[in-house]
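Working notes for the structure below.
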Number of protein chains: 2
Amino acid sequence: MATRTDAPTRREQILKEAARLFAERGFHGVGVDEIGAAVGISGPGLYRHFAGKDAMLAELLVGISGQLLTGARRRVAEAEGDSVDRDAGAVLDSLIEGHIDFALDDRPLITLHDRELDRLRDSDRKLVRQLQRQYVELWVGIVREVYPGLAEPTARSAVHSVFGLLNSTPHLGRPGSLPGRGAMAQLLHRMARGAFEAAGTD
Amino acid sequence: MATRTDAPTRREQILKEAARLFAERGFHGVGVDEIGAAVGISGPGLYRHFAGKDAMLAELLVGISGQLLTGARRRVAEAEGDSVDRDAGAVLDSLIEGHIDFALDDRPLITLHDRELDRLRDSDRKLVRQLQRQYVELWVGIVREVYPGLAEPTARSAVHSVFGLLNSTPHLGRPGSLPGRGAMAQLLHRMARGAFEAAGTD
DNA sequence: CCTTCAGGTTAACGACCGCTAACCTCCCTG
DNA sequence: CAGGGAGGTTAGCGGTCGTTAACCTGAAGG
């Protein structure tokens with residue numbers, strides 16, 4: 001994985017600021033002038049980089065869903081490589097870890113991800129939903145390996161619930177009195193495993 | 001608790017429909033004409049009942065927060081009455097049950113509750129936040145009784161996370177292939193307890 | 001040195017939206 | 001039976017917002 005070292009392009013600046021603003025005030029609550037101002041250009045200058053406001057949101061949401069899915073697939077594949085009969089529990093831990101990293105490091109994106117999906121054009125929304133569904137099903141498969149007693153609908157609900165738990169970080173106030181990032185990650189990880197454990201033992 | 005049997009007033013109809021629409025498409029995404037149409041009157045007729053669109057959102061959010069807090073206080077008080085040294089675990093179970101009932105029965109309100117808070121006037125927002133804070137602190141107190149080892153910031157984060165878990169039901173697709181309401185409530189309850197348990201045992 | 005083009009700018013248009021004004025109709029009550 | 005208020009209606013104003021048009025500029029390339 002080649003980590004980027006070059007400067008971010010203007011497009012990327014715009015996307016980042018747009019994500020932050022959309023998360024803060026909602027898609028309809030942010031004007032294009034504001035987005036422009038956030039990157040030092042003003043208003044219609046954005047149209048040199050994007051077809052429109054909708055296009056920014058679409059690119060953000062498709063990007064997020066894709067990243068989540070790609071990361072999860074990579075983690076599963078890595079575990080497959082390790083041994084013939086892998087430890088499903090370890091894979092689940094890895095998935096949880098990946099999702100937590102995302103939730104903690106890209107809060108605005110996580111917020112957008114389950115908040116503004118309906119503002120997309122039909123085709124984009126279908127694509128995002130498909131990526132999301134694949135991500136969920138990947139989790140469901142692993143969870144049911146770890147807890148074979150879980151029926152599929154139950155496992156799916158459990159996975160959604162754990163996503164809710166892990167994605168809850170945006171609701172925390174400004175990084176004041178709460179645990180540091182490392183402690184928070186550990187806490188969330190333990191709680192997620194505990195929740196699955198409780199779901200898996202009827 | 002006198003359960004209502006009389007017909008809902010127009011105000012209540014409007015609030016209910018507005019909640020649904022706001023949850024579906026966001027506060028800014030819904031026009032007053034749509035809200036009016038949803039209750040069979042059109043557009044400006046709403047202004048006979050509310051001072052403005054903002055007032056509807058405010059009344060919704062204050063109402064939700066208040067109901068949650070009131071219900072939780074009642075549950076705690078009932079447990080206090082039962083015995084001198086009550087079973088804190090049972091109180092926690094009762095709180096969880098109440099929150100689940102709310103999340104399952106009033107999905108749109110739960111969605112609004114942590115999504116549109118920023119659209120309120122300053123004074124209303126302060127009020128809602130204060131009610132929310134009291135609700136959280138009430139939970140934190142009970143949780144720390146059940147798991148005395150938990151530091152306060154950790155407990156608070158855990159409570160927020162469990163709220164995320166319990167509030168995750170809106171993200172589930174239309175009531176198709178997922179567990180029925182009773183099974184869902186049981187599943188959520190077990191997962192919430194499991195998550196707290198995992199948080200409480202470092 | 002001329003051209004081109006990427007990446008800006010400001011002005012302005014058109015649509016939409018929240019809200020008000022003005023008016024209309026029942027229904028209740030003295 | 002007058003009249004008045006509750007609860008509607010439609011027309012329209014004013015502001016905002018996404019988008020387009022027209023223009024500018026500085027740097028790269030032949």
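These values consider heavy atoms only, across backbone and side chains, with no hydrogens, waters or symmetry-generated copies. Each chain gets a letter, A, B and so on, in the order its sequence line appears, and its residues count up from 1. Note that the structure is a prediction, hence the values are computed from the model and not measured.
Rounded to whole Å, the distance from CD1 on Ile35(B) to P on dC16(C) is 18 Å. At whole-Å resolution of the value, CG in Leu21(A) and P in dC17(D) are 13 Å apart. Separating the CG atom of Leu46(A) from the P atom of dG8(C) is a distance of 9 Å, rounded to the nearest angstrom. The distance between atom CG of Asp33(A) and atom P of dG8(C), rounded to the nearest whole Å, is 15 Å. Here the C1' atom of nucleotide dG8(D) and the CZ atom of Phe50(B) are 16 Å apart, to the nearest Å. When the P atom of dC19(C) is taken as reference, atom NZ of Lys53(B) falls 8 Å away, rounded to whole Å. Atom P of nucleotide dC16(C) and atom NE2 of His28(A) are separated by 13 Å, given to the nearest angstrom. In this structure, Glu12(A) atom CD and dG7(C) atom P are separated by 13 Å, rounded to whole Å.
Counting only heavy atoms from C-beta on, Tyr47(B) has its side chain closest to dT20(C) among dT20(C), dT9(D), dG18(D). Of the candidate nucleotides dG18(C), dT9(D), dA21(D), dA21(D) has the atom nearest to the side chain of Pro44(A). In the set dC19(C), dG18(D), dG8(D), the nucleotide with an atom closest to the side chain of Ile41(B) is dG8(D).
Using a 4.0 Å heavy-atom criterion, one finds that Gly45(B) contacts the bases of the nucleic acid, with or without backbone contacts as well. Looking at heavy-atom distances under 4.0 Å, Val30(B) makes contact with sugar-phosphate atoms alone, never a base. Using a 4.0 Å heavy-atom cutoff across all strands shown, Gly43(B) reaches no nucleic acid atom at all.
His49(A) has a side-chain polar atom (N or O) that falls below the 4.0 Å cut-off from OP1 or OP2 of dG8(C). The side chain of Arg10(B) contributes an N or O atom lying less than 4.0 Å from OP1 or OP2 of dG8(D).
For the 3.5 Å distance criterion, the side chains of Ser123(B) and Arg121(B) qualify, holding a donor opposite an acceptor. Between the side chains of Asn167(A) and His99(A), at least one donor N or O sits under 3.5 Å from an acceptor N or O.
With Leu15(A) as the partner, the side-chain contact (heavy atoms from CB on, under 4.5 Å) test is satisfied by one option alone out of Glu59(A), His49(A), Arg20(A), Arg10(A): Glu59(A).
Residue whose closest nucleotide on DNA chain D sits further toward the 5' end, between Arg48(B) and Val32(A): Arg48(B).
At distances below 3.5 Å, at least one donor-acceptor pair connects side-chain atoms of Ser161(B) with backbone N or O atoms of Ser157(B). Checking side-chain atoms of Glu145(A) against main-chain N and O of Ala88(A) turns up no donor-acceptor pair under 3.5 Å.
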